[in-house]
Amino acid sequence: MVSSIDGGTAVEGRSGGLSTPADAELLQALRATADVVLVGASTVRSESYGPPKKPGLKIGVVTTTGEGLDFDGPLFSSGAGFLVMPSDGPERPVNTLRCGTGSVDLARATRRLGASFIHVEGGPKLNGALLHAGLVDEVNLTISPHLVGGNAARLIDGASAVLQRMRLSHVLEDDGWLFCRYLRLD
């Protein structure tokens, strides 16, 4: 994820205004080591997701309904995209992993994916749901040297109050951008 100094994750609805080429390279490096990527449907829509550069990498789009997703667009038509939905969600014309009723059971979904490294790319609501479920083991955060104010979404949205201690494992700096890796302390 990328955020401004004040915690905003988007400028005019997109994260690109906070990013830098080095941040994009880091994202690609993380994707290159991932077994699967998970991302929320709102992020897929706002960021116009396409297929990943890594051959064979799958991107699971977490959604309750699948509404507003372009199933004819590059992400899904490439075969890289699939949905992660509750069992009572509507039928959609793409591969779907169904876990939970009424909402996605993320703990069950991550177990069923059978991946050793699931790279999560947000957005804030998915991050909040993962935190609420106790599934956040690592956070790779780029801190952009900007303030955005307004009502930009923050890094985590919708989680109940929790105090989960993380340990700073790595930090790099490039022209004011900080690239931080935090690991969970149990």
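If you read the sequence from its start, that first residue is 1, and numbering goes on from there. Please read these numbers as outputs of a predicted model, since none were measured by experiment.
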statement: Applied to residues 106-118, the salt bridge (Lys or Arg N to Asp or Glu O under 4.0 Å) test, sequence neighbours excluded, yields none

State, yes or no, whether a side-chain contact exists between [X] and [Y] at a heavy-atom distance under 4.5 Å.
{"X": "Pro51", "Y": "Pro74", "result": "yes"}
{"X": "Gln28", "Y": "Lys53", "result": "yes"}
{"X": "Ser4", "Y": "Leu147", "result": "no"}

Do [X] and [Y] sit in one hydrophobic cluster, given that two such residues count as connected whenever their side-chain heavy atoms are within less than 4.5 Å of each other, even indirectly?
{"X": "Leu168", "Y": "Phe179", "answer": "no"}
{"X": "Val61", "Y": "Leu113", "answer": "no"}
{"X": "Ile143", "Y": "Met166", "answer": "yes"}
{"X": "Leu69", "Y": "Leu126", "answer": "no"}
{"X": "Leu75", "Y": "Val37", "answer": "yes"}

Measure across [X] and [Y] and return the closest heavy-atom pair with its distance rounded to 0.1 Å.
{"X": "Ser19", "Y": "Trp177", "result": "O-CZ2, 4.0 Å"}
{"X": "Val104", "Y": "Ala109", "result": "CG1-CB, 4.5 Å"}
{"X": "Ala34", "Y": "Leu57", "result": "O-CD1, 3.6 Å"}
{"X": "Leu27", "Y": "Glu121", "result": "CD1-OE2, 3.4 Å"}
{"X": "Gly8", "Y": "Val148", "result": "CA-CG2, 3.8 Å"}
{"X": "Ile59", "Y": "Pro52", "result": "CD1-CD, 3.8 Å"}

Working for side chain to side chain donor-acceptor pair (under 3.5 Å), residues Asp88 and Thr101: CA-CA 6 Å; Asp88 55 348; Thr101 303; 5.3 Å; no

task: Check the surroundings of atom CG in Asn95: do more than 12 heavy atoms from other residues, nucleotides or ligands lie under 6.0 Å from it?
output: no

message: One pair to check against side-chain contact (heavy atoms from CB on, under 4.5 Å): Arg92 and Glu67. What are the steps and the verdict?
response: CA-CA 9 Å; Arg92 297 295 178 196; Glu67 289 181 22; 3.6 Å; yes

Do the side chain of [X] and the main chain of [Y] share a donor and acceptor less than 3.5 angstrom apart?
{"X": "Asn140", "Y": "Arg181", "answer": "no"}
{"X": "Ser46", "Y": "Ser42", "answer": "yes"}
{"X": "Lys58", "Y": "Val36", "answer": "no"}
{"X": "Thr43", "Y": "Gly123", "answer": "yes"}
{"X": "Ser169", "Y": "Leu183", "answer": "no"}

Spacing of [atom1] belonging to [X] relative to [atom2] belonging to [Y], to within rounding of 0.5 Å:
{"X": "Leu131", "Y": "Asn127", "atom1": "CG", "atom2": "CG", "value": "8.5 Å"}
{"X": "Leu18", "Y": "His146", "atom1": "CG", "atom2": "NE2", "value": "7.0 Å"}
{"X": "Asp137", "Y": "Leu130", "atom1": "CG", "atom2": "CG", "value": "10.0 Å"}
{"X": "Leu38", "Y": "His119", "atom1": "CG", "atom2": "NE2", "value": "10.0 Å"}
{"X": "Ser116", "Y": "Asp35", "atom1": "OG", "atom2": "CG", "value": "4.0 Å"}
{"X": "Arg98", "Y": "Asp105", "atom1": "CZ", "atom2": "CG", "value": "14.5 Å"}

message: With a 4.0 Å cut-off on N to O distance, would you call Glu47 and Arg14 a salt bridge?
response: yes

task: Assess the side chains of Thr142 and Asp23: does a donor N or O sit below 3.5 Å from an acceptor N or O?
output: yes

Donor-acceptor pairs are to be reported for all side-chain atoms of residues 152-163 against protein atoms at under 3.5 Å, with residues two or more places apart or in another chain.
from: Arg154; atom 1: NE; to: Asp6; atom 2: O; distance (Å): 3.4
from: Arg154; atom 1: NH1; to: Ala152; atom 2: O; distance (Å): 3.0
from: Ser160; atom 1: OG; to: His132; atom 2: ND1; distance (Å): 3.0

query: So Gln164 and Val136, side-chain contact (heavy atoms from CB on, under 4.5 Å) or not? Walk me through it.
result: CA-CA 9 Å; Gln164 180 175 313; Val136 178; 4.0 Å; yes

message: Test side-chain contact (heavy atoms from CB on, under 4.5 Å) on Leu178 and Leu141; report intermediate values, then the result.
response: CA-CA 8 Å; Leu178 296 176; Leu141 175 63; over 6 Å; no

query: Which is it for Phe117 and Thr33 under the side-chain contact (heavy atoms from CB on, under 4.5 Å) test, yes or no, and what are the steps along the way?
result: CA-CA 8 Å; Phe117 177 32; Thr33 60; 3.1 Å; yes

field: ring pair (Phe, Tyr, Trp, His ring centres under 6.0 Å) partners of residues 25-79, not counting sequence neighbours, each pair once
entry: Phe71-Phe76

